Enquirer: 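First the structure, then my questions, so here it is.
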Amino acid sequence: MQNIISLLDNIDFKALGTQECLNLRAEVRDNIHNILTEVKPTRDYDDYIRFCYKLWRLFNEPTKAELDFQKSAVFEINPKISIIVPVYNVKTKLLRLLLDSVCAQTYANWELCIADGGSANEEIRRVILEYAKHCDKIKYVFLNENKGIAENSNAAIMISSGDYLAFVDHDDTLTPDAMYETVKAINENKNAGLIYTDNDWSDADENRFNPVFKPDWSPYTFLMSNYIIHLVIVKRKLAFTAGLFEKKYDLYQDTALTFKVSEIAEKIVHIPKVLYNWRNHEASVSHKDRTQDDFHKELINLTLEVKYAYLERMGRCMDSQSLVSVVIRVSEDIISLRKTIMSVIGKAKYKKFEVIILYSSYNSDEVKKHCEQLRKNPLFKVFICDTALNMLPDAIYYNTAAKKCTGKYIFFVNKGVTIAYERWLEAWVAVLCNFKNIAVGGGTAEITDSSGKRIYQTAEEYVGNNTDIKDFAVPVVDLGIHFFAHSNVEYGVHNVSSVSKGLVAVNRNIFNELGGFDTDFPDTFYLTDLCLRCRDIGWQNIIYRRAKVTLSGAENVEMEDIEAFVKELDVFEKKWGKHLKAPDPFLNPNLSLINLEKYGCPYRI
């Protein structure tokens, strides 16, 4: 075993197609679980994750034979791809690495269009001319001055003639199959207007690490952070329709253009393959973003300007005075009920809300007395019903309560929930009222036992055949948000297929239009079912991770609860078979929930 691990530590990926490397791949496949179990305790976290990525690369990067096959592949559509590279004062070593990676593409119908913004180093010009002399696919223009990254890029576009534009930084590299996979995706999605791929990072020694495994197109995730940044390919006519890059957005020009293209693209396609190596070094923009305060402030201002412009074009609501309804499920545990109510009203700085309370004569005298006392508070609307509400399943209880609501949005608060986020309602209203097509929103729930000990944390749910667990809506384990997007998404909003229970916001109009929760799923899958119905009609479901709650008493699972779960699961499988057999679009197929939970390895190997 140690011999295999030593080989993996020193593997030469340039020799991936050799028989020796293929033999190693087979040997690792047979011992993968033992390898992960043995390596994890002996490595620090970052080193272990890099080791796991080596394993992933061993099984996922194309071999020499596969690359040779790509060179002879015949497509129905053979578009010309113009690779757009603005150059300015780049190290010639890095420029050569980029040029070599472009020239090594297995798909032949490409052109490289370079615009040098008056670089001070004359050697840069000589390198460009040297490569152009030996390759007639390389076009170039030497500008008299540095016009900034936006106009330098536009200058490169102006000498291009391709059907699609692929945007590449002057110090990064492409994998040899980047253009092949792009054209393959175009043939499979003939109406694709915007295409993006996964990427990883490279250091000065050409070591690759930190893959960014992205979800399929997620407009709210993108609004929080440009997670699709490399590699991006845009249909030429759409780029021109969008106005190309704007100088006023220099440093954030790529995001500004992507916003505009996303608004007019007929289809946005994600290629879940690492086809771009992003360079990490002191001169890079990404490095400056982390180390220079003034640069960081400038980027933040540009970011806000671009996002506000996008929201204005999309017609954001800005209805920050909407009435919202909060439905609190009444519990027989009076202490827990009081705690939930106090956390709801005590941390809500936004005051235009109503709290809906339903109770019945079947509740305990203590609970009934407390509910009647709440009538004195104008925030509360208290209703007494004939039905034994405490015995009703969640779906029926919440449907009944929703009929009493008058707010634009309804917040369903589960039993045993304590809201941890200060100004929670104000923050939620700001999110919901800035966007027009959010159907369901969820937060992060920390699940504890009755003593307060944390059991696990959950937020989004994944539904599909890439969840590792057959035919089941899987609550996310701590996936590590940076594996599929930039880390600041952790405190923002992002798209999901479904959300977990705890604190859930729904658009009341959509909720009523769909007939509320489906009572075929009375206790378990009613929320997942609603989310999928909303997704099917074009509405968005989101997670707002900053909205955290604690849900206590989760260990009290009775046998009848398990039986109800199994019964609902059978109905859920029959209703949603098409989604369960397809991958969840918001879980990258290169990620593995099971491997992460068992071995701390986030990658599917």
Side-chain angles (χ1 to χ4, degrees), residues 189 214-224 227-228 262-263 265-270 272 314 395 398-399 402 409-412 428 431-432 435-443 458-467 469 471-476 479 484-485 489 492-521 524-545 568-569 571-589 591 593:
N189 303 274
K214 307 163 188 177
D216 287 351
W217 175 239
S218 307
Y220 291 110
T221 307
F222 182 73
L223 187 60
M224 293 299 107
Y227 75 92
I228 76 172
S262 73
E263 297 165 36
E266 186 176 349
K267 187 170 186 179
I268 299 174
V269 175
H270 168 221
M314 298 304 288
Y398 288 135
N399 283 347
Y409 300 96
I410 305 174
F411 290 84
F412 294 110
W428 261 116
V431 169
L432 295 171
F435 312 118
K436 298 179 70 173
N437 63 341
I438 294 176
V440 181
T458 184
E460 62 262 45
E461 289 185 343
Y462 295 122
V463 183
N465 62 7
N466 56 335
T467 62
I469 300 177
D471 294 347
F472 180 53
V474 186
V476 66
L479 189 58
F484 65 87
V489 175
V493 172
H494 66 270
N495 293 83
V496 293
S497 284
S498 180
V499 303
S500 297
K501 302 171 189 176
L503 173 65
V504 176
V506 300
N507 181 304
R508 187 165 68 93
N509 287 338
I510 294 300
F511 186 78
N512 290 338
E513 180 184 320
L514 293 176
F517 293 120
D518 187 339
T519 54
D520 283 344
F521 309 105
T524 304
F525 290 101
Y526 61 89
L527 184 53
T528 307
D529 171 80
L530 178 69
C531 288
L532 292 180
R533 284 188 284 150
C534 291
R535 199 182 87 179
D536 271 6
I537 61 173
W539 284 74
Q540 305 285 333
N541 304 315
I542 63 156
I543 282 292
Y544 184 24
R545 285 185 172 269
E568 282 192 35
L569 178 59
V571 179
F572 187 83
E573 289 177 332
K574 290 175 181 175
K575 181 174 182 179
W576 293 110
K578 65 176 181 178
H579 288 305
L580 294 169
K581 293 174 183 175
D584 188 302
F586 305 110
L587 177 64
N588 190 293
L591 294 173
L593 301 177

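None of the values given here were measured: they were computed from a predicted structure.
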Enquirer: What's the separation between atom CG in Leu527 and atom OG in Ser500, rounded to the nearest 0.5 Å?
Expert: 8.0 Å
Enquirer: Considering non-hydrogen atoms only, spot the tightest contact between Gly443 and Ile543 and give its length.
Expert: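 Shortest heavy-atom separation between Gly443 and Ile543 comes out as O-CD1, 3.9 Å.
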Enquirer: Go through the structure and list residues passing side-chain hydrogen bond (donor to acceptor under 3.5 Å, both in side chains) with Glu568, not counting sequence neighbours.
Expert: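 Glu568 satisfies side-chain hydrogen bond (donor to acceptor under 3.5 Å, both in side chains) with no other residue.
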Enquirer: Looking only at heavy atoms, which two atoms of Ile542 and Val496 are closest? And how far apart?
Expert: C-CG2, 3.9 Å
Enquirer: Are the side chains of Pro583 and Pro589 in contact, using a 4.5 Å heavy-atom criterion?
Expert: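 When only atoms from C-beta onward are counted, Pro583 and Pro589 do not touch, as no gap falls below 4.5 Å.
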Enquirer: Run the side-chain hydrogen bond (donor to acceptor under 3.5 Å, both in side chains) test against Trp576 and tell me which residues pass, sequence neighbours left out.
Expert: Asp529
Enquirer: Name all residues meeting the ring-ring contact (aromatic ring centres under 6.0 Å, His included) criterion together with Phe521; count only those two or more places apart in sequence or in a different chain, and write none if there are none.
Expert: Phe572
Enquirer: Of the non-hydrogen atoms in Val499 and Gly442, which two are nearest, and what is the gap between them?
Expert: CG1-N, 3.6 Å
Enquirer: Does any pair with a residue in residues 495-520 pass salt bridge (Lys or Arg N to Asp or Glu O under 4.0 Å), and if so which ones, sequence neighbours excluded?
Expert: Asp518-Lys575
Enquirer: Quick check for you: to the nearest 0.5 Å, what is the distance between Asn437 atom CG and Ile537 atom CD1?
Expert: 11.0 Å
Enquirer: List the residues meeting side chain to side chain contact (heavy atoms under 4.5 Å, CB included) with Ser218, not counting sequence neighbours, and say none if there are none.
Expert: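 Ser218 satisfies side chain to side chain contact (heavy atoms under 4.5 Å, CB included) with Pro215, Thr221, Tyr227, Asn495, Phe586 only.
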Enquirer: Who passes side-chain hydrogen bond (donor to acceptor under 3.5 Å, both in side chains) against Ser497, sequence neighbours left out?
Expert: Arg535, Asp584
Enquirer: Sequence neighbours excluded, which residues qualify as side-chain hydrogen bond (donor to acceptor under 3.5 Å, both in side chains) partners of Asn399?
Expert: none
Enquirer: Could you state the interatomic distance from CG (Leu569) to NZ (Lys574), rounded to the nearest 0.5 Å?
Expert: 11.0 Å
Enquirer: So, does Asn465 use its side chain to make a donor-acceptor pair with the main chain of Lys581 at under 3.5 Å?
Expert: yes
Enquirer: Walk me through whether Ile228 and His270 qualify under side chain to side chain contact (heavy atoms under 4.5 Å, CB included).
Expert: CA-CA 9 Å; Ile228 76 172; His270 168 221; over 6 Å; no
Enquirer: Verify the distance criterion only: is there a donor paired with an acceptor across the side chains of Asn541 and Tyr220 at less than 3.5 Å?
Expert: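 Not at all, the side chains of Asn541 and Tyr220 share no donor-acceptor pair under 3.5 Å.
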Enquirer: Holding to ring-ring contact (aromatic ring centres under 6.0 Å, His included), I want the full list of residues that pass it with Trp539, two or more places apart in sequence or in another chain.
Expert: none
Enquirer: When you compare the side chain of Leu530 with that of Leu514, does any pair of heavy atoms fall below 4.5 Å?
Expert: yes
Enquirer: How long is the gap from CD1 on Ile510 to OH on Tyr409, to the nearest 0.5 Å?
Expert: 10.0 Å
Enquirer: Taking only residues two or more places apart in sequence, or in another chain, which ones meet Phe517 in a ring-ring contact (aromatic ring centres under 6.0 Å, His included)?
Expert: Phe412, Phe511, Tyr526
Enquirer: Quick one: CG on Leu591 to OH on Tyr462, what's the gap to the nearest 0.5 Å?
Expert: 8.0 Å
Enquirer: Is the backbone of Leu587 close enough, under 3.5 Å, to the side chain of Asn466 for a donor and an acceptor to pair up by distance?
Expert: yes
Enquirer: Which residues pass the salt bridge (charged side-chain N to carboxylate O under 4.0 Å, His left out) test with Asp216, sequence neighbours left out?
Expert: none
Enquirer: Parallel under 30°, tilted from 30 to 60°, perpendicular over 60°: which one fits the rings of Trp428 and Phe411?
Expert: perpendicular
